[in-house]
Amino acid sequence: MRGKPFSAKAIFVLCIASFLAGSLFTNQNWTHPSRAKDNRIAVIPHHVTKLQEVKQDCDPKRKLVEGKPGDVMGEVHKTHEAIKSLESTMSTLEMELALARTVQSNGQHYSLEKLANHTLQKAFVVIGINTAFSSRKRRDSLRQTWMPKGEKLRKLEKEKGIVIRFVIGHSATPGGVLDRAVDSEDAEHKDFLRLKHVEGYHELSTKTRLYFSTAVSIWDAEFYLKVDDDVHLNLGMLTSTLAKYRSKPRIYIGCMKSGPVLSQKEDKYYEPEYRKFGEDGNKYFRHATGQLYAISKDLAAYISINSPILHRYANEDVSLGSWLLGLEVEHVDERSMCCGTPPDCEWKAQAGNVCVASFDWSCSGICNSVRRMKEVHDSCGEGEGAVWNVDL
């Protein structure tokens, strides 16, 4: 540090010498590389070229400047089709996973090859009618009005892809009188979907979860719908309404509402976990009313796949809404799915606006439905042939 400093000329000469020595060393290394090094260096230009091609293809400004208007629209269309194809593939994979999970939970063990060869029954919509052991007369009132029976039910399923089943579990004493009565009724009508579930009003969230999980393991449908057994349906209007959304993924459709969170035990729809929803007087998040709602198959598969970790609230419609709340889901508020009974649905039908479903809000279904279902059907029904005229 204290020695005589170098002159500028000496520094310049030293720099030139260092440069020449470095050049000589570099030339030797690149002129006589090892075989392994040759392989590594040869790969680099290929990836660089590929990245340049990708960058060039993905440059939207270059596409817009160099391409003709028709070419640009063509690229947009191809991209849209590719996205649709990808979403369809993902939904298919989710369905297969849901099937494998359901099969495993049932204690059955299949090889991957056998699972791959297992084909689900194709359908447009699966309509699950929530019912109970005590509701035989309600079920008969539906069979005598809007729900086909016998060969007509099977023809509807085969030709239109509309599957209709009463959904019920088993009693607390399997094989007892209640179960045998449903077995006998099913043998006569063949219109039940039996769940591995103990029936009970306070178990509706679990029953709903099991319904979707079971349905996706049997049918590959575009939509899965749940309806109560005291609601009137027009199958043609229902089918045409759902068909409008068949090209869209993750659809949740029904009459959306946001009711108050009830914190008093004496209330019919008391919510034991009301504190989770904030202060007293708060409302629930927006969700479809429980009398009737439908979800697309990717959402049904999601419920099946994640079934063990989906939280169940006291009210099943709130539970379903909470399962879908954090997902990229389109909530469709379809008011024709919650028309009132006559004269409301009758006036709308006369005006050309036939309702999908009708019930009384005051009863959370049609009041005295066993007695009044035919009255509602006669006044607000679309006609037996309407569903056959829907183009799917």
Quick one: is the NZ or CZ of Lys297 closer than 6.0 Å to the six-membered ring centre of Trp219, and within 45° of its axis?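 Output no; distance or angle outside limits.
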
With a 3.5 Å cut-off and no angle check, do the side chains of [X] and [Y] form a donor-acceptor pair?
X: His377; Y: His232; value: yes
X: Lys207; Y: Asn130; value: yes
X: Ser364; Y: Tyr269; value: yes
X: Ser258; Y: Arg286; value: no
X: Asp229; Y: Thr131; value: yes

Output the distance between atom [atom1] ([X]) and atom [atom2] ([Y]), rounded to the nearest 0.5 Å.
X: Ser213; Y: Ile218; atom1: OG; atom2: CD1; answer: 11.0 Å
X: Leu204; Y: Glu199; atom1: CG; atom2: CD; answer: 8.0 Å
X: Ile305; Y: Ser307; atom1: CD1; atom2: OG; answer: 10.5 Å
X: Ile303; Y: Thr208; atom1: CD1; atom2: OG1; answer: 9.0 Å
X: Glu334; Y: Leu238; atom1: CD; atom2: CG; answer: 10.0 Å
X: Leu310; Y: Ser319; atom1: CG; atom2: OG; answer: 9.5 Å

Taking NZ, NE, NH1 and NH2 as the nitrogens, is one of them in [X] or [Y] under 4.0 Å from a carboxylate oxygen of the other?
X: Asp140; Y: Lys137; value: no
X: Glu185; Y: Arg136; value: yes
X: Arg250; Y: Glu328; value: no
X: Asp333; Y: Lys257; value: no
X: Arg372; Y: Asp360; value: yes
X: Arg312; Y: Glu273; value: no

Give the minimum heavy-atom separation between [X] and [Y], together with the two atoms involved.
X: Ala221; Y: Tyr224; answer: N-OH, 3.0 Å
X: Asp179; Y: Pro174; answer: OD2-CA, 3.5 Å
X: Trp146; Y: Leu235; answer: O-CD1, 3.6 Å
X: Ser240; Y: Met237; answer: OG-O, 3.1 Å
X: Ser322; Y: His311; answer: OG-O, 4.3 Å
X: Asp191; Y: Met147; answer: OD2-CE, 3.7 Å

When clusters are formed by joining ILVMFWY residues with side-chain heavy atoms under 4.5 Å apart, either directly or through shared neighbours, do [X] and [Y] land in the same one?
X: Leu392; Y: Leu153; answer: yes
X: Val163; Y: Phe223; answer: no
X: Tyr252; Y: Val126; answer: yes
X: Val167; Y: Leu320; answer: yes
X: Leu225; Y: Leu210; answer: no

Check: [Y] main-chain N/O paired with [X] side-chain donor or acceptor under 3.5 Å:
X: Lys160; Y: Val390; value: yes
X: Ser296; Y: Pro249; value: no
X: Asn234; Y: Glu382; value: yes
X: Ser184; Y: Arg180; value: no
X: Asn306; Y: Tyr302; value: yes

Quick one: ring-ring contact (aromatic ring centres under 6.0 Å, His included) partners of Tyr245, sequence neighbours excluded?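 Not a single residue meets the ring-ring contact (aromatic ring centres under 6.0 Å, His included) criterion with Tyr245.
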
What residues form a ring-ring contact (aromatic ring centres under 6.0 Å, His included) with Phe359, not counting sequence neighbours?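 Testing Phe359 for ring-ring contact (aromatic ring centres under 6.0 Å, His included), a comparison that skips the adjacent residues, returns Trp361.
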
Does the pair Cys345/Cys339 show an SG-SG distance of less than 2.5 angstrom?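 Cystine link not detected, SG atoms outside the 2.5 Å cut.
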
Pairs in or reaching into residues 228-337: which pass disulfide bond (SG atoms under 2.5 Å apart), with residues at least two apart or in two chains?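 Sorted pair list: Cys255-Cys338.
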
Give a yes or no on whether [X] atom [atom1] has more than 12 heavy-atom contacts from other residues, nucleotides or ligands under 6.0 Å away.
X: Arg246; atom1: CZ; value: yes
X: Lys276; atom1: NZ; value: yes
X: Gln350; atom1: CD; value: yes

For Phe212 and Tyr293, take the angle between the two ring planes, folded into 0 to 90°, and tell me which bin it lands in: parallel under 30, tilted 30 to 60, perpendicular over 60.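 Judged by the thresholds at 30° and 60°, the geometry between Phe212 and Tyr293 is tilted.
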
Qualifying residue for side chain to side chain contact (heavy atoms under 4.5 Å, CB included) with Leu193, from Ile168, Ile129, Thr214: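 So the option named by the test is Thr214.
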
If you define the side chain from C-beta out and look only at heavy atoms, does anything of [X] sit under 4.5 Å from [Y]?
X: Leu142; Y: Met373; result: yes
X: Phe166; Y: His189; result: no
X: Met337; Y: Thr289; result: no
X: Lys190; Y: Arg154; result: yes

Given His170 and His197, is the side chain to side chain contact (heavy atoms under 4.5 Å, CB included) satisfied, shown in steps? CA-CA 6 Å; His170 58 80; His197 165 73; 5.7 Å; no

Apply side chain to side chain contact (heavy atoms under 4.5 Å, CB included) to the pair Ile295 and Leu324, showing each step before the final yes or no. CA-CA 10 Å; Ile295 57 177; Leu324 307 180; 4.1 Å; yes

ring-ring contact (aromatic ring centres under 6.0 Å, His included) contacts touching residues 336-357 (sequence neighbours left out):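 Matches after skipping sequence neighbours: none remain.
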
Linked hydrophobic residues, Phe285 as query - side chain contacts closer than 4.5 Å: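 When side chains under 4.5 Å apart are linked, the cluster holding Phe285 also contains Val261, Tyr270, Tyr274, Phe277, Tyr284, Tyr313, Val318, Leu325.
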
Connecting only ILVMFWY residues whose side-chain heavy atoms lie within less than 4.5 Å of each other, what is the rest of Ile309's hydrophobic cluster?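 Answer for Ile309: none, a lone residue.
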
Stepwise side chain to side chain contact (heavy atoms under 4.5 Å, CB included) test for Ile162 and Ile164: CA-CA 7 Å; Ile162 301 173; Ile164 308 175; 4.2 Å; yes

Report the C-alpha separation of Arg165 and Asp186 in whole Å, then their side-chain angles, then the decisive distance to 0.1 Å, and conclude whether the salt bridge (Lys or Arg N to Asp or Glu O under 4.0 Å) test is met. CA-CA 10 Å; Arg165 296 288 188 275; Asp186 190 25; over 6 Å; no

As a quick check of understanding, evaluate side chain to side chain contact (heavy atoms under 4.5 Å, CB included) for Leu299 and Ile251, giving each step before the final call. CA-CA 8 Å; Leu299 296 182; Ile251 292 294; 5.7 Å; no

